[in-house]
Amino acid sequence: MPILRIALDVPLSTLFDYLVDENLQVKIGQRVLVPFGRKQMVGIVMEVVEKSDFAVDRIKPITQLLADVPPLAEEVLTLLRFCSDYYHHPLGLTVMAALPSRLRAAEPVVIKRELSYELTSAGRALDLKEFPKRRAVQLRLLQALSEQALSMAQLKALSSSATTQLKVLVDEGWVASCAMTQPHALAHTFNNAHTLTAEQQVAVDAVTQTAGFNPDSSLDFEKNKNQENVGRVSTRHVGLKSDQRSNGKSGFKCFLLHGITGSGKTEVYVHLMHLALQQQGQVLLLVPEINLTPQLENYFRSRFPHTELVSLHSGMNDTERTKNWLKAQSGEARIVLGTRLSVFTPLPKLSLILVDEEHDASFKQQDGLRYSARDVAIFRANQRGVPIVLGSATPSLESYYNAQSGRYQLLKLTRRANEQAALPVVRCLNTANVPMQDGLSPLLLAALSERLQRKEQSLIFINRRGYAPVLMCTACGWLSGCSNCAGKLVLHLKDRRLRCHHCGHQERVPHGCPSCGNTDLQPVGLGTQRVEEALQAHFPEARILRVDRDSTRNKGSWVAMRKQIEAEEVDILVGTQILAKGHDFPNMTLVGVLNPDGALYSADFRASEKLFAQLAQVSGRAGRADKPGEVLVQTAFPDHPLFRALRAHDFDEWAKTLLSEREQAGFPPFVFQVLLRAEDRQESDVYVFLKQAREMAKELKMPVEIYGVVAATMAKRANHFRAQLLVQSDTRKSLQQFLREWRPLIETIPAKKIRWSLDIDPLDF
Ligand code: ADP
Ligand code: ZN
Ligand code: ZN
């Protein structure tokens with residue numbers, strides 16, 4: 001009897017063997033139901049073998065072969081194997097986590113086919129030239145439907161009132177629903193809104209000239225496989241083992257599209273998508289967590305009105321996600337728009353990968369499989385032999401460095417696509433020795449008042465929500481600390497609560513100091529709520545809107561807020577990084593930045609890199625249209641290289657500064673790191689565990705640098721003490737070799753209840 005080796009959602013670094021009736025046709029990648037302990041579990045067939053290490057009488061048969069959805073492609077399984085290997089995470093957990101939850105459940109997957117709409121014979125008989133012009137939306141729908149049947153999602157992209165207007169058309173007997181049986185992507189149309197600028201054209205041409213862009217050459221897998229030396233260079237990015245290298249195909253190439261804000265990177269993506277779709281390929285566009293909004297989805301729909309497009313992110317309900325995932329797997333969905341987890345989506349015709357805002361930290365998963373979706377995407381493009389484009393106005397230093405060294409091809413957009421939209425003037429307002437009012441300097445207040453008079457919009461950016469980061473007793477110096485964490489409780493004055501932003505703990509604001517009884521408790525520092533209040537006091541007439549995680553918590557509230565801003569019903573926006581990206585507010589001419597200084601001298605060596613990216617992005621909000629913008633940054637360190645580069649709009653200068661700092665200090669991208677994290681209620685247990693792991697690492701005597709055991713930046717969180725151990729090496733390869741030896745040793749440390757994890761290429765410390 002053949003033996004199936006199954007990946008199960010179990011935290012063990014092994015596959016599980018099961019017997020299967022030889023009459024059953026089992027495919028690799030198929031889902032199966034198997035007995036595990038007392039439970040029935042769903043797993044994925046990874047291998048079919050003849051022999052097991054266990055005696056046959058000890059191997060159980062599978063319960064059922066699930067054939068309700070097509071098996072996972074081997075290409076995806078290879079990708080998952082690579083991730084499990086590289087990130088040192090159990091294969092079963094890796095494979096199962098990549099599936100939408102419906103496919104992880106034992107129940108059969110039943111997905112209702114989506115309805116589409118088509119013209120009836122009465123509808124086709126209509127003379128649209130004679131159709132009343134005031135029924136504009138109906139006319140638009142009829143025109144679109146006269147070309148081909150469309151899904152509801154596609155109709156909605158044509159108009160936000162499509163649902164109600166379509167009902168009218170159905171009631172009139174002009175339109176009827178139909179089951180969509182054939183993928184209808186062949187009728188690809190492209191809404192070409194702009195002629196590309198010269199720089200954009202160069203970028204598009206560079207990517208389309210890659211051999212992998214042309215499916216005829218890239219799908220010729222066997223031929224390319226033999227050109228060994230071609231694959232070898234390109235697989236180095238993500239540290240592949242040498243024996244896998246020959247799988248790399250010649251069509252692969254990684255591009256870094258470095259374009260200033262407003263330079264039209266999106267237009268480059270759109271043109272590339274168009275060209276890939278024309279060749280019948282599928283395109284994967286990865287975007288950061290907060291950027292994937294219905295507006296973005298509708299934007300791409302409007303550019304490709306007849307193309308099946310799906311989005312995939314963790315916020316969607318299971319049914320929808322599963323449905324979209326299956327559409328991608330069948331090849332029906334031609335464009336997949338997704339956040340990090342969508343990098344694992346099966347895409348049989350994948351011919352191009354785009355990663356927007358490639359520097360964004362949300363591409364890194366912070367628990368479970370701690371992968372970087374950007375890096376996995378590069379591996380995937382290489383595996384498949386297709387080009388990948390990483391886009392950003394402020395690339396990560398890792399990518400920038402790779403572009404400098406020629407490993408990636410650099411494509412630059414140095415000018416704004418819209419000639420009239422000049423870059424904003426950036427100035428620093430020195431806050432040293434300046435009397436501030438509620439954290440606002442007189443010059444910033446004056447600039448705000450000027451905008452109010454000119455009826456232009458302003459944005460005040462501060463990266464802290466709540467009223468004040470901490471409450472303090474004026475008599476004894478007591479600070480509102482969290483009882484579960486090493487952090488402080490943030491004062492939220494609106495609902496009179498103190499909240500921990502780390503563990504979620506909250507309590508009422510005390511009447512007196514819990515330590516000395518004094519009733520004079522003062523908020524210290526600035527949060528969005530306090531700035532909002534201060535501005536309102538200064539400008540009683542101004543319409544102020546606060547945009548942060550608290551004010552946008554309810555579904556749809558951010559959409560409503562955007563509408564308010566666009567309708568110019570808002571004069572001053574106060575907000576956190578939610579506001580930083582991707583929103584064009586043409587009448588916004590001033591951006592004020594409060595309190596950025598903390599990141600300049602932070603213990604986290606990436607803090608200043610992140611700050612620059614944030615400020616460059618938020619600056620990009622000012623003056624997008626014909627009105628020039630101004631950015632005012634309140635800082636006590638106006639001469640810091642970060643602000644000099646920001647004022648000069650010179651990312652290259654800034655990157656040079658950072659790279660030389662990192663090189664001197666021996667930080668990434670010049671070294672490769674792994675962080676062993678541990679946490680437990682017992683502080684001493686954490687340190688005993690980590691010290692033992694450290695001794696084991698040293699005994700291996702391998703070419704890695706082993707640091708000391710230290711407390712995490714957040715030394716206590718949710719009643720767990722946290723500490724960590726950093727190991728780094730000059731090459732990924734030697735780090736991986738070390739990890740293969742070290743990890744099994746760590747697993748032998750008798751410390752069952754300690755939670756620990758390995759974080760490869762960590763971003764947070
Ligand atoms: P980025 O993503 O690089 O910040 P966008 O793609 O949002 O920039 O483009 C900025 C603006 O320029 C948008 O309003 C876009 O419609 C416009 N734009 C892009 N490309 C062109 C072009 N070739 N000609 C004219 N306008 C363009
Ligand atoms: Zn006190
Ligand atoms: Zn807490």
Side-chain angles (χ1 to χ4, degrees), residues 191-204 257-273 285 287-288 291 295-296 299-300 302-303 354-358 389 391-395 411-424 470-490 497-507 510-522 580-586 613 616-626 651 714-722:
N191 188 349
N192 190 354
H194 302 291
T195 315
L196 294 180
T197 63
E199 286 181 327
Q200 286 173 323
Q201 191 66 54
V202 168
V204 168
L257 178 64
H258 179 200
I260 60 169
T261 54
S263 59
K265 293 184 287 297
T266 314
E267 200 60 29
V268 171
Y269 303 152
V270 167
H271 277 256
L272 287 172
M273 283 177 169
L285 170 61
V287 300
N291 287 1
Q295 289 93 310
L296 186 77
Y299 175 76
F300 284 101
S302 75
R303 301 301 302 270
L354 306 167
V355 184
D356 190 26
E357 308 292 341
E358 65 89 26
V389 180
S392 177
T394 51
L411 304 170
K412 285 184 95 160
L413 305 180
T414 57
R415 319 160 70 112
R416 286 197 153 180
N418 178 349
E419 296 282 335
Q420 291 162 333
L423 280 169
V470 66
L471 190 65
M472 188 182 81
C473 167
T474 53
C476 76
W478 168 87
L479 294 171
S480 58
C482 175
S483 49
N484 308 327
C485 301
K488 300 283 179 276
L489 293 175
V490 176
R497 292 202 155 251
L498 294 170
R499 288 218 177 92
C500 176
H501 289 185
H502 299 286
C503 73
H505 169 78
Q506 49 171 304
E507 52 192 64
H511 293 295
C513 169
S515 171
C516 74
N518 166 30
T519 53
D520 186 21
L521 301 178
Q522 288 295 330
K581 166 65 199 173
H583 312 294
D584 256 333
F585 302 123
Q617 214 142 60
V618 80
S619 304
R621 298 309 99 206
R624 301 268 290 190
D626 46 350
F651 179 81
M714 190 74 189
K716 184 184 168 203
R717 183 156 83 190
N719 284 318
H720 283 73
F721 292 91
R722 310 162 78 229

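For the single chain, residues carry numbers from 1 onward in sequence order. When a ligand or atom number is given, it counts from 1 through the structure's own listing order. Just so it is clear, the model here is predicted, and its values are computed rather than measured.
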With the Zn ion (ligand 3) at the apex, how many degrees lie between SG of C482 and SG of C503, rounded to 10 degrees?
110°
Could you walk me through whether N518 and T474 pass the side-chain hydrogen bond (donor to acceptor under 3.5 Å, both in side chains) test, one step at a time?
CA-CA 8 Å; N518 166 30; T474 53; 3.2 Å; yes
Give yes or no for whether the N/O distance cutoff of 3.5 Å, strictly under, is met between G259 and ligand 1.
no
Pull out every atom of ligand 1 sitting under 4.0 Å from any heavy atom of A417, numbered as shown with elements.
12 (O), 18 (N), 19 (C), 20 (N), 21 (C), 27 (C)
Using a distance-only test with no angle check, is there a side-chain donor-acceptor pair under 3.5 angstrom linking E199 and T414?
yes
So for I260 against ligand 1, with non-hydrogen atoms under 4.0 Å, the contacting part is backbone
If we set the cut-off at 4.0 Å for heavy atoms, which region of T266 has an atom near ligand 1: side chain, backbone, both, or neither?
both
If the cut-off is 4.0 Å to any non-hydrogen atom of T261, which atoms of ligand 1 fall inside it?
4 (O)
Can you list the ligand 1 atoms lying under 4.0 Å from a non-hydrogen atom of L196?
23 (N)
Taking the basic N atoms (NZ, or NE/NH1/NH2) and the acidic carboxylate oxygens, is any pair closer than 4.0 Å for E267 and R303?
yes
N/O/S atom of C485 inside 2.8 Å of the Zn ion (ligand 3), strictly under
yes
For the Zn ion (ligand 2), report each protein N, O or S atom nearer than 2.8 Å, sorted by chain and then by residue number.
C473 SG, C476 SG, C513 SG, C516 SG
Would you list the atom pairs, donor with acceptor, under 3.5 Å between side chains in residues 478-488 and any protein atom, with sequence neighbours excluded?
unit_1, atom_1, unit_2, atom_2, d
S480, OG, L471, N, 3.0
S480, OG, L489, O, 3.1
N484, OD1, N719, ND2, 3.1

Can you list the atoms of ligand 1 that are under 4.0 Å from a heavy atom of T195?
22 (C), 23 (N), 24 (N)
Would you mind running through ligand 1 and noting each atom that sits below 4.0 Å from a heavy atom of T197?
23 (N)
